[in-house]
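So you know, we letter chains A, B, ... as the sequences are listed, proteins then strands, and number each from 1.
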2 protein chains.
Amino acid sequence: MGMGRPREFDAETALDQAMEVFWRHGYEGATIAQLTEAMGINPPSLYACFGNKEGLLKAALDRYTKLRGAWMEEVVAAPTAREVAERMLMGIADKQTDPANPPGCLLVQGGIACGSGSENVPFELAARRAQNEDQLRDRFIRAKAEGDLKQTSDPAALARYVSAVSVGMGVMASSGADREALRQVATVAVQAVEAQSGRG
Amino acid sequence: MGMGRPREFDAETALDQAMEVFWRHGYEGATIAQLTEAMGINPPSLYACFGNKEGLLKAALDRYTKLRGAWMEEVVAAPTAREVAERMLMGIADKQTDPANPPGCLLVQGGIACGSGSENVPFELAARRAQNEDQLRDRFIRAKAEGDLKQTSDPAALARYVSAVSVGMGVMASSGADREALRQVATVAVQAVEAQSGRG
DNA sequence: CCACATCTGTAGTGAACACTACATATCTGG
DNA sequence: CCAGATATGTAGTGTTCACTACAGATGTGG
């Protein structure tokens, strides 16, 4: 039997465009008309490929976290907890003000609060942010075991802290903060991790 | 000439209800139907009193910042920069997990990203957050002058940092973080301010 | 008690939304 | 070249949205 007419667009390229629309307008603010125009396809192609609007968002989130996964690996590969925090926060300052992307972070811009019918979107985003936090926590647990963090320090709390600062920086970036302003925030924030560093 | 039929609802009480709806669902996620039901009025009353949906949001934001103004005064009245940061962040941990309100902060939940036609809503919220940041900055400038912060410290950067942590905590609260988790973040965050304290 | 002004409830308005029916086009397997 | 399968473009679907026309209700000033 035949295999049907082949798709005329590249799914990943289209996803990149959809990602940008969600990033800039949020899940509820993004319309199917905007998405299809940016993706260069018509609604039936979108629905055949991604199911519905929420399915498209999840696919875009998957792509986003996959693209950032490699960078997160570099972050946790830093030799000390302090340098992990520094790479993370300084890198985020740069990424969130990269003119190649919308400002801020998709995992925040996507939707913090949503209306009835989309209540699970904020949880979906929170779950992805939690993955990054877990990665940091595991790294800080190791740092503590290696004597790189004080024995009194709480790796989970430190990871939550770095994650919170990242989110806060993302919101600032989306409302116009420039790269230098975010780097200043990162510089101050790292000092809290520094205070937890050393054998004690 | 007559003065017309008097309004049958109390504007501030109604605003409190509207504030809660915006807080929980965001600007775009909140519908007029939800708002009028929560406020106990019908659409014509809403439009006669507040102009339109965005006017209602601004009135709710005014009320929100007014209610929090007294608390911010207490915060900046703390004797040292470190204690200012501690009061601020610990207080926010408690407020953002107060079961009497929706979780998080209206100035964040209200809308970080919006669709076409509401682009100025995020800026409106950002402007109100900036007011708090300015208040902190002025307080840290004084702290530096009093020798309570090192001469090498940057009051504006510190204020931006505390503001960023506050926002990050708000997002965490809205996605389910409990009070203890936020207090841990606050405790770590204060250490960065501590590191800037003292005469140097 | 009357003219006037403002509020309130009912019942809608047009527009925009997410989503889809359907006819047509383009592929593969035989 | 044909039959089956999937993709595409056009042109809608019903629903929900913010917002309002209108008639009746309730007040004040003369």
Side-chain angles (χ1 to χ4, degrees), chain A residues 1-15 17-19 21-22 24-60 110-111 113-121 124, chain B residues 1-15 17-19 21-22 24-61 110-111 113-122 124:
Chain A
M1 325 163 188
M3 285 171 52
R5 177 175 175 174
R7 167 178 305 144
E8 291 186 3
F9 64 95
D10 177 58
E12 294 205 331
T13 305
L15 261 186
Q17 305 307 316
M19 198 170 74
V21 175
F22 282 131
R24 200 175 293 280
H25 299 290
Y27 175 73
E28 292 194 308
T31 69
I32 298 292
Q34 286 174 323
L35 289 163
T36 52
E37 184 181 351
M39 299 166 85
I41 62 178
N42 289 309
S45 299
L46 190 159
Y47 284 90
C49 190
F50 301 104
N52 56 18
K53 190 182 177 184
E54 197 166 331
L56 177 61
L57 174 72
K58 287 182 183 172
C114 278
S116 309
S118 312
E119 295 94 343
N120 47 331
V121 167
E124 187 76 29
Chain B
M1 321 159 187
M3 285 170 52
R5 177 174 174 176
R7 168 179 302 145
E8 292 185 3
F9 63 95
D10 177 58
E12 294 206 331
T13 305
L15 261 187
Q17 305 307 317
M19 197 171 75
V21 175
F22 282 133
R24 201 174 292 280
H25 298 290
Y27 175 75
E28 292 194 307
T31 68
I32 298 291
Q34 286 174 324
L35 290 163
T36 52
E37 183 181 351
M39 298 166 85
I41 62 178
N42 289 308
S45 298
L46 188 158
Y47 285 90
C49 190
F50 302 105
N52 56 18
K53 190 180 178 186
E54 197 166 331
L56 177 61
L57 174 72
K58 287 181 183 173
L61 291 176
C114 278
S116 309
S118 313
E119 294 95 343
N120 46 333
V121 167
E124 188 74 30

Send over the distance from B/Glu28 CD to C/dC17 C1', rounded to a whole Å. 12 Å
If you look at every heavy atom in A/Leu15 and A/Ala60, which pair is closest and at what distance? CD2-N, 3.7 Å
To the nearest Å, give me how far apart CZ (A/Phe50) and P (C/dT20) are. 16 Å
If I take atom NE2 in residue B/His25 and atom C1' in nucleotide D/dT16, what distance separates them, rounded to the nearest angstrom? 16 Å
Sugar-phosphate or base contact per nucleotide [nucleotides 8-13 of chain D; S, B, -; heavy atom under 4.0 Å]: SBB---
Whole angstroms only, please: what is the OH-P distance between A/Tyr27 and C/dC17? 14 Å
Euclidean distance, atom CG of residue A/Leu46 to atom C1' of C/dC17 [Å, nearest integer]: 14 Å
Once side chain to side chain donor-acceptor pair (under 3.5 Å) is applied, do any residues pair with A/Glu124, and if so which ones, sequence neighbours excluded? A/Arg128
In this structure, how many angstroms lie between the C1' atom of C/dC19 and the CD atom of A/Glu54, rounded? 14 Å
How many whole angstroms separate atom CD1 of A/Ile32 from atom P of C/dA15? 21 Å
C/dT20 OP1/OP2 closer than 4.0 Å to side-chain N/O of A/Tyr47: no
Can you pull the salt bridge (charged side-chain N to carboxylate O under 4.0 Å, His left out) pairs that have at least one residue in residues 30-57 of chain A, sequence neighbours excluded? none
The complete set of side-chain hydrogen bond (donor to acceptor under 3.5 Å, both in side chains) pairs with one or both residues in residues 39-49 of chain A, sequence neighbours excluded, reads none
Residues in side chain to side chain donor-acceptor pair (under 3.5 Å) contact with A/Arg5, at least two apart in sequence or another chain: A/Glu8
Checking B/Thr36 now: which residues fulfil side chain to side chain contact (heavy atoms under 4.5 Å, CB included) with it, not counting sequence neighbours? B/Ile32, B/Pro43, B/Leu46
Whole angstrom is fine here: how far is it from CG in B/Leu57 over to P in D/dC19? 12 Å
